[in-house]
K.L.:
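This is the structure I want to talk about, given as structure tokens.
Just so it is clear, the values below take in all heavy atoms, side chains as well, and ignore hydrogens, waters and symmetry mates.
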Amino acid sequence: MLRTLLNKTSLTIAGLMSGTSLDGIDVAIVHIGGRGIETSIKLLHFESLPFDDEMREKLKRLCTIEHSDVAQVCGMNFAIAERFADAVIQTAQAANISMDDIDLISTHGQTIWHIPVADEADRFLPKSTLQIGDLSVIAKRTGKPVVGDFRTADIAVGGQGAPLVPYGDDLMFRDANKGRILQNIGGIGNCTALPAASADGGMIAFDTGPGNMVMDQVVYELSKGKLSYDASGDWAAKGKVHNGLLADMLAHPYFQEPPPKTTGREMFGKAYASAWLVSALEQGLSHEDIVATATAFTAHTIARGYQAYILPQCSIAEVIVSGGGAHNRTLLRMLGELLPDQTILTSDELGISCDAKEAILFALLGNAFIQGEPNNVPAATGAERPTILGKLALP
């Protein structure tokens with residue numbers, strides 16, 4: 001089986017992404033040819049399969065120290081793997097693609113906890129990370145080899161295990177004549193700055209902070225569970241940003257840390273958003289103003305990250321947004337106001353689905369693993385050297 005994979009000049013790979021937004025599973029079936037800078041990419045089909053409310057809330061609880069336990073983590077590791085396997089099979093059926101024609105599955109897994117910086121006071125809390133969704137379960141259920149658990153190898157060579165998307169961003173979006181920033185806005189926001197190919201200087205990448213995570217939790221609580229996000233930013237558009245609350249949020253120590261840096265639910269998840277919401281309600285803000293301020297928080301953290309760590313080092317003409325946040329018109333408007341010298345557009349406008357982009361990126365990471373190509377970016381993660389990320393489970 002492995003010999004067959006290695007001898008192929010192109011592969012059909014199902015890339016799976018389940019991110020910190022916890023909205024569901026994205027599956028991109030991608031035809032990939034070549035290797036390195038000669039890689040060709042063709043998206044064959046994409047599906048996004050939402051989690052039901054019960055699973056979403058159970059995953060949120062697993063991402064907290066207060067409400068998680070080892071039995072729940074153990075069980076969910078297998079339960080969500082079954083969902084991942086079903087998602088691939090459903091996507092193949094929707095695309096009229098036989099599972100026999102899929103060569104490989106490449107999965108990010110579901111991040112439960114991430115420790116990008118060691119706890120110096122506790123030798124049993126080194127840099128570490130945990131993504132669940134057991135690879136063997138997916139392989140046995142689908143009959144396909146599965147690559148996953150990418151982050152751990154980067155941490156093993158001194159990195160923070162994230163962000164991983166710069167590898168694919170570089171392959172898909174670097175331009176010969178103009179600098180670009182690729183901004184993904186999922187649960188967490190992450191950016192990749194790509195100087196023009198003709199310019200001096202290398203890639204810069206880091207997590208900008210919360211993407212949709214705080215906005216989504218606030219909307220969920222204000223709507224008493226009726227809404228899981230602010231569709232198109234319509235709710236935020238009716239409100240006014242509270243500058244005092246916004247300033248307090250922007251004072252969080254994370255935003256003063258230089259790259260490489262990464263964050264997640266352990267820092268900006270349900271506990272953070274719920275505590276902030278209580279404070280906002282105590283100050284008498286309307287629901288519309290609260291959602292507007294949470295939206296502005298994401299926009300300002302992105303723009304400030306650029307202004308502090310990217311724009312002084314390289315010329316940027318375009319900011320290309322992907323992920324669920326690309327559909328939030330109010331967020332994009334705020335970004336445009338904060339970044340008047342850059343053109344704000346979505347990856348859809350360049351022919352790459354803003355919803356499918358991260359799943360495509362994980363297909364690319366899986367392809368690099370099979371090819372024996374290093375697929376981390378040390379400038380982004382802080383790793384000591386390039387290395388091959390991923391582990392393989394056979395069917």
Side-chain angles (χ1 to χ4, degrees), residues 17-26 48-64 67 80 108 110-112 114 183-190 207-239 241-242 245-246 249-250 252 254 263-281 285-302 321-335 346 354-355 357-358:
M17 180 62 193
S18 176
T20 50
S21 60
L22 300 178
D23 49 5
I25 305 165
D26 294 336
S48 186
L49 297 103
F51 290 134
D52 59 64
D53 290 343
E54 183 181 16
M55 175 163 268
R56 184 181 300 108
E57 291 308 305
K58 281 185 175 292
L59 285 169
K60 284 183 184 179
R61 292 175 68 84
L62 285 190
C63 296
T64 66
H67 299 111
I80 200 168
H108 171 267
Q110 181 62 60
T111 299
I112 293 301
H114 190 64
Q183 178 69 50
N184 182 69
I185 307 177
I188 290 294
N190 55 70
D207 284 354
T208 53
N212 301 313
M213 188 177 290
V214 175
M215 291 186 282
D216 288 354
Q217 185 64 34
V218 164
V219 166
Y220 180 81
E221 294 190 29
L222 289 177
S223 69
K224 301 187 183 328
K226 295 178 181 177
L227 300 173
S228 57
Y229 64 99
D230 181 18
S232 301
D234 293 341
W235 205 352
K238 298 173 184 176
V241 175
H242 189 287
L245 270 180
L246 176 61
M249 298 169 84
L250 293 171
H252 192 288
Y254 180 78
T263 189
R265 280 195 172 271
E266 56 283 340
M267 189 174 290
F268 292 109
K270 182 177 180 180
Y272 174 90
S274 297
W276 178 80
L277 177 57
V278 168
S279 175
L281 289 169
L285 271 69
S286 70
H287 289 187
E288 291 80 5
D289 289 354
I290 289 171
V291 179
T293 303
T295 304
F297 179 43
T298 293
H300 278 261
T301 56
I302 291 170
V321 182
S322 61
H327 300 292
N328 188 321
R329 292 191 294 266
T330 302
L331 177 58
L332 295 185
R333 174 181 58 77
M334 290 178 173
L335 269 179
T346 69
C354 62
D355 296 316
K357 179 183 163 245
E358 280 208 301

K.L.:
Is any side-chain heavy atom of Ser228 less than 4.5 Å from a side-chain heavy atom of Asp23?
P.N.:
no

K.L.:
Would you please name every residue forming a salt bridge (charged side-chain N to carboxylate O under 4.0 Å, His left out) with Arg333, sequence neighbours left out?
P.N.:
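Applying salt bridge (charged side-chain N to carboxylate O under 4.0 Å, His left out) to Arg333 gives Glu337.
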
K.L.:
Within this structure, what is the CG-CG distance for the pair Leu245 and Leu285, rounded to the nearest 0.5 Å?
P.N.:
5.5 Å

K.L.:
Would you please name every residue forming a salt bridge (charged side-chain N to carboxylate O under 4.0 Å, His left out) with Lys60, sequence neighbours left out?
P.N.:
Glu57

K.L.:
Working to the nearest 0.5 angstrom, can you tell me the gap between Lys357 NZ and Met17 CE?
P.N.:
10.5 Å

K.L.:
At their closest point, which heavy atom of Thr263 faces which heavy atom of Asp207, and how far apart are they?
P.N.:
N-OD2, 3.0 Å

K.L.:
Identify the heavy atoms of Gly239 and Ala292 that sit nearest to each other, and give their distance.
P.N.:
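Closest heavy-atom pair between Gly239 and Ala292: C-CB, 3.8 Å.
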
K.L.:
When rounded to the nearest 0.5 angstrom, what distance separates CG in Leu222 from CG in Leu227?
P.N.:
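Going from the CG atom of Leu222 to the CG atom of Leu227 covers 9.5 Å.
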
K.L.:
Please check: side-chain N/O of Asp289 versus main-chain N/O of Val241, any donor-acceptor pairing under 3.5 Å?
P.N.:
no

K.L.:
With respect to Arg265, which candidate in Cys63, Pro210, Ser21 satisfies the side chain to side chain contact (heavy atoms under 4.5 Å, CB included) definition?
P.N.:
Cys63

K.L.:
Kindly write out the residues that satisfy ring pair (Phe, Tyr, Trp, His ring centres under 6.0 Å) with Phe297, not counting sequence neighbours, or none if the list is empty.
P.N.:
Phe255

K.L.:
Taking Ser18 for the side chain and Gln110 for the main chain, is one N or O donor matched with an acceptor at less than 3.5 Å?
P.N.:
no

K.L.:
If you look at every heavy atom in Ala280 and Ile290, which pair is closest and at what distance?
P.N.:
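Minimum heavy-atom separation between Ala280 and Ile290: CB-CG1, 3.8 Å.
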
K.L.:
Check whether any side-chain heavy atom of Trp276 sits under 4.5 Å from a side-chain heavy atom of Gln217, and report yes or no.
P.N.:
no

K.L.:
Is the shortest heavy-atom distance from the side chain of Val291 to the side chain of Thr330 under 4.5 Å?
P.N.:
no

K.L.:
Just so I know, are the side chains of Gln183 and Ile302 near enough to count as touching, which here means a heavy-atom distance under 4.5 Å?
P.N.:
yes

K.L.:
Could you tell me whether the side chain of Thr298 and the main chain of Gly211 form a donor-acceptor pair under 3.5 Å?
P.N.:
yes

K.L.:
Evaluate the side chain to side chain contact (heavy atoms under 4.5 Å, CB included) criterion for residues His300 and Met249: first the C-alpha distance (whole Å), next the side-chain angles of each, then the deciding distance (0.1 Å), finally the verdict.
P.N.:
CA-CA 10 Å; His300 278 261; Met249 298 169 84; over 6 Å; no

K.L.:
Would you indicate whether the side-chain heavy atoms of Trp235 and Thr295 approach each other to under 4.5 Å?
P.N.:
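With C-beta onward as the side chain, the pair stays apart.
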
K.L.:
Show the numbers, then the answer: is there a side chain to side chain contact (heavy atoms under 4.5 Å, CB included) between His242 and Thr293?
P.N.:
CA-CA 6 Å; His242 189 287; Thr293 303; 3.8 Å; yes

K.L.:
When you compare the side chain of Ser274 with that of Glu221, does any pair of heavy atoms fall below 4.5 Å?
P.N.:
yes

K.L.:
List for me each residue that meets ring pair (Phe, Tyr, Trp, His ring centres under 6.0 Å) alongside Tyr220, sequence neighbours excluded, and say none if there are none.
P.N.:
none

K.L.:
I'd like to check Phe268 versus His252 (side-chain heavy atoms, cut-off strictly below 4.5 Å). Are they in contact?
P.N.:
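Yes, side chains in contact.
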
K.L.:
According to salt bridge (Lys or Arg N to Asp or Glu O under 4.0 Å), does anything in residues 223-238 pair up with another residue at least two apart or in another chain? List the pairs.
P.N.:
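Sorted pair list: Asp234-Arg329.
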
K.L.:
Please tabulate, for side-chain N and O atoms in residues 49-56, each donor-acceptor pair with protein atoms closer than 3.5 Å (sequence neighbours left out).
P.N.:
residue: Asp52; atom: OD1; partner: Glu54; partner atom: N; Å: 3.1
residue: Asp52; atom: OD1; partner: Met55; partner atom: N; Å: 2.8
residue: Asp53; atom: OD1; partner: Arg56; partner atom: NH1; Å: 2.9
residue: Arg56; atom: NE; partner: Leu22; partner atom: O; Å: 3.2
residue: Arg56; atom: NH2; partner: Phe51; partner atom: O; Å: 3.0

K.L.:
Calculate, to the nearest 0.5 Å, the distance between atoms OG1 and CG belonging to Thr301 and Leu246 respectively.
P.N.:
9.5 Å

K.L.:
Calculate, to the nearest 0.5 Å, the distance between atoms CD1 and OG belonging to Ile25 and Ser48 respectively.
P.N.:
9.0 Å

K.L.:
Hey, what do you get for OH (Tyr229) to CE (Met215), rounding to the nearest 0.5 Å?
P.N.:
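If we round to the nearest 0.5 Å, Tyr229:OH and Met215:CE are 12.5 Å apart.
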
K.L.:
Looking only at non-hydrogen atoms, find the nearest pair between Val321 and Cys354 and report the distance.
P.N.:
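Taking Val321 first and Cys354 second, the nearest heavy atoms are O-CB, 4.1 Å.
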
